[in-house]
Amino acid sequence: MKGSVTRFFRYGIRTRSERLDMQIATVSYAAFKIFSQQKENITMKNLKLYLLITASITMLYSTSLSQSGWIIKATGSGINSVFFINPFQGWMVGDSGLAYVSEDGGLSWSGLDSKTNNKLNCVFFKNELTRWAAGNNGTIIKTSDGGNNWTALSSGSLVNYTSVYFPTFDTGFVVSNTSSTLRKSTDGGLSWSSPGPVEGSAIYFSSSLTGIVTSTSGALTRTTNGGSYWFSDVINYPSSRYAMSFVNSSTGWVSGSGAGVNRTTNGGANWTFQSTGGGFSTLYGINFSDASTGWTVGSPGTIGGNSEIRRTTNSGTNWISQSSGTANILRSVSANTSSDGIIVGDAGTVLHTSNSGTNWNNRLHAFSFPSHPNYNLTSVHFINANTGWSAGQLGIVNKTSNGGDSWTSFSSASFNQINSVHFLDTDTGWIAGNSGMIQITMNGGANWTSQSLPVSNNLNDINIGKFSLTGFFGLHRIGWCVGNSGAIYKTTDGGGTWTGQLSPTTSNLYSVVPFSENVAIACCDSGRILRTTDGGTVWTISVTGVVNGALRSLSFADGNYGICSGDSATVLYTTNTGDSWTLDITGPRGLTTKICMMCLQDMI
């Protein structure tokens, strides 16, 4: 290239969610292509950024071979169980194989690859290193090194397990709430057998011989010989029971529907009902830090109200209500100490208190990289080597100020999937996504205002105010967005208003790059590249038929040199601002991606 890549570039990755697992190698190839074509101008500055890209890609790929992407901070997925073995170290698991670990009492969380995409409903610690988790479709997994590596264990059944408990390192049990399935292992989970039909939502062993299983039918089943034989007991309040918490071999509680809990002081032989005053709430989680102090959590107690948090300091005789601040169902609670607790629930809800529940802080954005491998991010955009944003499902936008080492998450004004994120500077940026959603931020992503189009087309890319051809940056608010069914829209006032432009195709458009106020290029299905030279009054098809599938990504290093990539590992390149394109037959095969690279001044 003509020496222009002595400047640094911002970069991004955007693709349709079903193609996330194919993006990594093409990004590497595109970065390598740009640098190798102008190796005479390589400096330590652009070499540093190139290494940053490739190192990040390598780390992402190792996180998940099946779902690649920058997965940051927040999940949006349901979290079903949280378990702390001491005041500092805890785990939580949830939908689609979600697994997080905290080493600081829940202030921050790091995601780990559980090696499963199945829903995980429960997790159990034996010590700091040995843990089991279980969930849907017969899933049982075990780690012996704190979660870095997991082994899938075959239980011989495909039921949905709701609880797991190992009274010893060798002997353990899993139960299912819907199929009367109880499985027992005597070799750490390597093999399993059935002691008989026992329905269970929660299981607890006070010793290697004595255990209790509760269920949503209200039944309570006990064993006194290590699980070889189980017998039924009558619980005083025969409604659904979901969770159980014991502080010693004698004293414990179970929670469920009916706005109350049941307490035993003789290991489950007898139970006393205790009203929590929770209205119509179903209490899905309960945990006591000692014989006096505990929390129970669940669904909203009134229509339109917030989900219930109830706390007792006198062994359940009286319960006080605490504000959760969310209507998301709360599934599990872990009382680290009498004053410190963690609650998790639907839609990625994580609440933390350090003052006995006087205040519950939302820790939704406390997660650190890597996060859940199934939370798809569809776009990333850096304005320099340190500052960038990523976005994707559920309208969540993540920001980094240190080159991706850590991220802060924000919620946009919509739960629609975000397909493109684009920033002019550290404050001003846009996102575009499904159902015609366009939003703008003026404070770096902390708050978003809708600029939605009066149409419902899914928008796949937005690009405002940065022209590769002239280097004109930020002062002029001209830009385009493109989407499904040939949608092309232009703004001249920074997204305040958008005008539809006549498209020469009804194919889905995936990427757009402006070069000046008049010149822009877009790519779409059917192997087509569109181009305008009069500000969008007329768009013409400049390339067609190179590939039967879609062209999904446009990437330009300056006003002349660019890459377009798409299905079947198609890679095209241009040296004349997209006036003509050449098929690169040396490109990688079987890969698809969205790449956005543009040169800026004064790298790093």
Side-chain angles (χ1 to χ4, degrees), residues 63-64 66-67 71 74-85 89-102 106 109-126 129-166 172-179 181 183 185 188-189 192 200-204 216 242-244 284-285 287 297 328-334 342-350 364 367 370-376:
T63 300
S64 174
S66 62
Q67 293 285 336
I71 319 298
T75 71
S77 299
I79 305 173
N80 302 315
S81 180
V82 60
F83 189 110
F84 272 76
I85 194 172
Q89 189 177 58
W91 267 65
M92 59 186 182
V93 296
D95 296 352
S96 302
L98 176 154
Y100 292 104
V101 62
S102 176
W109 297 84
S110 298
L112 295 174
D113 187 358
S114 66
K115 305 301 182 183
T116 181
N117 292 329
N118 290 325
K119 179 181 179 181
L120 296 174
N121 297 313
C122 49
V123 61
F124 177 79
F125 281 56
K126 196 59 186 173
L129 298 178
T130 306
R131 301 145 193 184
W132 293 262
N136 287 7
N137 301 315
T139 300
I140 305 175
I141 55 177
K142 177 184 179 180
T143 180
S144 299
D145 60 4
N148 293 319
N149 297 283
W150 289 87
T151 300
L153 307 174
S154 177
S155 68
S157 176
L158 295 179
V159 302
N160 297 338
Y161 291 119
T162 52
S163 186
V164 57
Y165 199 100
F166 274 73
F173 300 83
V174 288
V175 293
S176 172
N177 197 42
T178 57
S179 59
T181 298
R183 308 290 285 178
S185 176
W192 298 82
S201 56
I203 185 169
Y204 168 80
T216 57
Y242 290 93
M244 183 163 38
Y284 291 101
N287 195 242
V297 300
N328 294 330
I329 293 177
L330 305 176
R331 300 285 181 181
S332 182
V333 57
S334 182
I342 299 288
I343 297 171
V344 299
D346 290 359
T349 301
V350 181
L364 178 65
F367 307 136
S371 182
H372 180 36
N374 293 296
Y375 169 60
N376 296 330

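Values below: every heavy atom of this structure, side chains too, minus hydrogens, waters and symmetry copies.
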Q. Roughly how far, to the nearest 0.5 Å, is CG of L98 from OG1 of T116?
A. 11.5 Å
Q: Find the distance between OG (S334) and CD1 (I85) and round it off to the nearest 0.5 Å.
A: 10.5 Å
**Q.** S163 to S201 - nearest heavy-atom pair and separation
**A.** CB-O, 3.6 Å
Q: With rounding to the nearest 0.5 Å, note down the distance linking OG in S185 to CD1 in I140.
A: 8.0 Å
Q) Regarding D145 and T143, is there a side-chain donor-to-acceptor distance under 3.5 Å anywhere? A) yes
Q) Can you tell me how far the CE atom of M92 sits from the CZ atom of F84, to the nearest 0.5 Å? A) 8.0 Å
Q: Identify the two heavy atoms, one from L153 and one from G188, that lie closest to each other, and give their separation to 0.1 Å.
A: CD1-O, 4.1 Å
Q) Would you call V174 and W192 a side-chain contact if the rule is heavy atoms closer than 4.5 Å? A) yes
**Q.** Euclidean distance, N117 CG relative to N137 CG, rounded to 0.5 Å
**A.** 11.0 Å
Q) Taking C-beta and beyond as the side chain, do K119 and V93 meet within less than 4.5 Å on heavy atoms? A) no
(Q) Restricting to non-hydrogen atoms, name the atom on V333 and the atom on G285 that form the minimum distance, rounded to 0.1 Å. (A) CG1-C, 3.9 Å
Q: For N80 and L120, indicate whether the former's side chain and the latter's backbone hold a donor-acceptor pair under 3.5 Å.
A: yes
**Q.** Distance (rounded to the nearest 0.5 Å) between C122 SG and F83 CZ
**A.** 11.0 Å
Q) Under the 3.5 angstrom rule, does the side chain of W132 hit a backbone N or O of K126 as a donor-acceptor pair? A) no
Q: State, to 0.1 Å, how close W150 and K115 come at their nearest heavy-atom pair, and which atoms those are.
A: CB-CG, 4.2 Å
Q: Give a yes or no answer on whether the side chain of T162 reaches the backbone of G200 with a donor-acceptor pair at less than 3.5 Å.
A: yes
Q. Taking it one step at a time, do I79 and R331 satisfy side chain to side chain contact (heavy atoms under 4.5 Å, CB included)?
A. CA-CA 7 Å; I79 305 173; R331 300 285 181 181; over 6 Å; no
Q. Less than 6.0 Å separating the ring centroids of F173 and Y165?
A. no
Q: Only counting residues at least two apart or in another chain, list the ones meeting side-chain contact (heavy atoms from CB on, under 4.5 Å) with T181.
A: S157, V159, Y161, S176, S179, R183
